[in-house]
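Computed from a predicted structure; not experimentally measured. So that the names make sense, note that chain A is the first sequence line, chain B the second, and so on, each numbered from 1.
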Number of protein chains: 2
Amino acid sequence: MASSRPATNLSAIAAALGVSVATVSNALSGKGRVSPELVERIRKTASELGYVPSSAGRALRTGKSGVLGLVLPDIANPLFPQIAQAIEKAAVNAGYGVLIADSRGEIAMQTDAINRLIERGVDGMVIVPRRGTRIGDVDCPVAVIDSPSTPGNTVAADHWDGGRQVGEYLAALGHNKVVLLGKNRDSNVQNDRLGGIRDGLGKACVTETLWVDAIEKADGAGCRLGLADGVAEGFTAFAAVSDLHALRALTELQREGIEVPEEASVTGFDDLIFSAVVTPPLTTMRMDMGRIADLAVDALLRAIDADSGFENGLAAEVTAEISKVPMALVMRGSTGKKKHDAIEAKKTTAGELTP
Amino acid sequence: MASSRPATNLSAIAAALGVSVATVSNALSGKGRVSPELVERIRKTASELGYVPSSAGRALRTGKSGVLGLVLPDIANPLFPQIAQAIEKAAVNAGYGVLIADSRGEIAMQTDAINRLIERGVDGMVIVPRRGTRIGDVDCPVAVIDSPSTPGNTVAADHWDGGRQVGEYLAALGHNKVVLLGKNRDSNVQNDRLGGIRDGLGKACVTETLWVDAIEKADGAGCRLGLADGVAEGFTAFAAVSDLHALRALTELQREGIEVPEEASVTGFDDLIFSAVVTPPLTTMRMDMGRIADLAVDALLRAIDADSGFENGLAAEVTAEISKVPMALVMRGSTGKKKHDAIEAKKTTAGELTP
DNA sequence: CTGAAAGCGCTTACAG
DNA sequence: CTGAAAGCGCTTACAG
């Protein structure tokens, strides 16, 4: 892989054409006030010489790096690809680059990650905060992607309403004993989703919540969740706060010989990469990540512009309104009508249902 | 979220202390030749004033941005989190930032992505190329992460040997009719893995390869792979080139009432996020992504240093040796001894095996 | 329509 | 041990 130093700059172009660097700069930036013919000649020479503007020179002069930071609680999080892709796309569309910073799940590293980005001169940053973390004062414009129930300027999916949709859907299917699967009690997002599910299910529905972290703490990582017991007790649906846990439930149920969706329905959240290809495919609640990213980046750019107005040590308020982006139900094969009576029949007169 | 302009620079510190900017610079960069007492005073003042060095100023002066690019074929790829996390970690350890560029699966966008990074002034970049793509001459140091069978300077896991380990493991378990699951015929990585699996399985083993892309093209996205037929034909193991396809196989088999691992073993690659938590957990072949990232970043930094030596338009050769990083088998519950006889018995005298 | 000049913040020889 | 000066490449008033 060869690499050659172009070393072409505005001066080189100016020298080649016998004009001034100011004129070259103006011509290339299309700021007008250069004759069309000269612009054409300058453009041609620039491309012949393989001119690539120096981002450092421009950044130093303008005070803007053209780079946005993306702070993530944990890149290993299965939802991260969607977020990163959407933010990168939104940023590129706006002419910005994206610098990533991973706090690898540790709260302490979140501050480090933010500081690294500031040292690299980002113009602003999108932060997906660690559960429950409040972002302290950051010395540059910030947009937060989190749950709407988090205080502060955030853009988020309407997790509660997404949960409500899941609950209503399951209720409409006839389910009235539902197991809810959460991971961690401290997560705003998860609590919103679960609250919404209970809400949508209605008061008539019996509900039990299992916290995966708590179960694993007691029984070890990757242990069974004991869902077959739930089915034995008459639960007919399992609603998880993430497709990862929905998948876990699906495979555990299948392994225990419980058919999904005939004997138990399973729902998840986020439409993760595997959700459409498992058998049966997972019914899930999807966020419009593209829209969330667009809103976050828009808010950020407005804040950056506003910030530029106050060069004299004044604080600029980033006033992104709290946005709730609607979620959408993706109905797939892992959910079906409640068949509790049939299950009961099977249990009492075993074999009757099989040919 | 308030944000204040620090506007503190070397001059401000120098002025506050009545010394020169050169001294402040030397003191802060620890280049010596400043008296310890002065260094201390300068440090103190700098931190009091909230001094953050200007990356633009430094970059302009030194010609180095301190930023590495990471070009990805598709952020949505399930392996991406591991790669991104490892590269980010390696880069941060080396004092670099990471700018991401996603080519969203389109080959044409790979060049765009690379150019965007060059325009942002990265010192070098790590490229995970799209299947079969050759990276053309890029005007900055490049390290490629791909299959070792790709020509050019690459660092990669030893996919072939990983496959061989899987094959030997399955053979040792007694499997002699194995279905291989690939996605795309053009992928070097997949062909290496599959070749290795066949190699490890040995000549005595009957092997059949299913290409998911081809099946989906015929039967639609997310369709069944028809694996139950394979079991009926006497195949007892399914070895996939990725955990994603292994998961697909696992759930399809489960859904068809075939027990894993009792009646069929399933193996994957990459130890994706879900692999440890499904039931049964997936046996998989894991890369040491941390090591791969370290090697890639190391090679890149050497290339960057070498490059600095040739400022006069000369081409510098990036001579990262081709490195093959070993892979490691993670044995979990989705694989077991071949029980073909038992399966045969079950098929002929149905019901005999169930209580 | 074009150009000379200043200056963004930093580092690095060089001189003292 | 400390400082004056140059210059990295760019953009932007300002003058002509």
(request) List the protein contact pattern of nucleotides 10-16 of chain D with one symbol per nucleotide (5' to 3'): B for base contact, S for sugar-phosphate-only contact, - for none; contact means a heavy-atom distance under 4.0 Å. (result) BBB----

(request) In whole angstrom, give the distance that lies between atom CG of B:Leu17 and atom C1' of D:dT2. (result) 13 Å

(request) Output yes when B:Glu40 and B:Lys44 qualify as a salt bridge under the 4.0 Å nitrogen-oxygen rule, no when they do not. (result) no

(message) Between B:Arg58 and A:Glu119 (salt bridge meaning N to carboxylate O under 4.0 Å), is one present in this structure?
(response) no

(request) Flag the pair B:Glu48 and B:Arg43 as a salt bridge only when some basic side-chain nitrogen lies within less than 4.0 angstrom of an acidic carboxylate oxygen. (result) no

(request) Can you spot which of A:Asp102, A:Ile100, A:Leu117, A:Val128 makes a side-chain contact (heavy atoms from CB on, under 4.5 Å) with A:Val71? (result) A:Leu117

(request) For B:Thr62 and B:Lys64, indicate whether the former's side chain and the latter's backbone hold a donor-acceptor pair under 3.5 Å. (result) yes

(request) Starting at the 5' end of DNA chain D, write a dot or bracket for each base, bracketing those in Watson-Crick or G-U wobble pairs whose two distances are under 3.5 Å and using | for partners on another strand. (result) |||.||||||||.|||

(request) Send over the distance from B:Leu38 CG to D:dT2 P, rounded to a whole Å. (result) 5 Å

(request) For residues B:Pro129 and B:Pro73, report the shortest heavy-atom separation together with the two atoms involved. (result) O-CG, 4.2 Å

(message) Can you measure B:Arg41 atom CZ to D:dC1 atom P for me and round it to whole angstrom units?
(response) 15 Å

(request) Among D:dG9, C:dG3, D:dA4, find the nucleotide with the atom closest to the side chain of B:Ser20. (result) D:dA4

(message) Tell me if the CZ atom of B:Arg291 is crowded by more than 12 foreign heavy atoms within 6.0 Å.
(response) no

(request) Would you mind reading off the distance between A:Lys64 atom NZ and C:dC8 atom C1', rounded to a whole angstrom? (result) 13 Å

(message) If we check side-chain contact (heavy atoms from CB on, under 4.5 Å) with B:Asp139, which of these qualifies: B:Ile118, B:Asn115, B:Ile114?
(response) B:Ile118

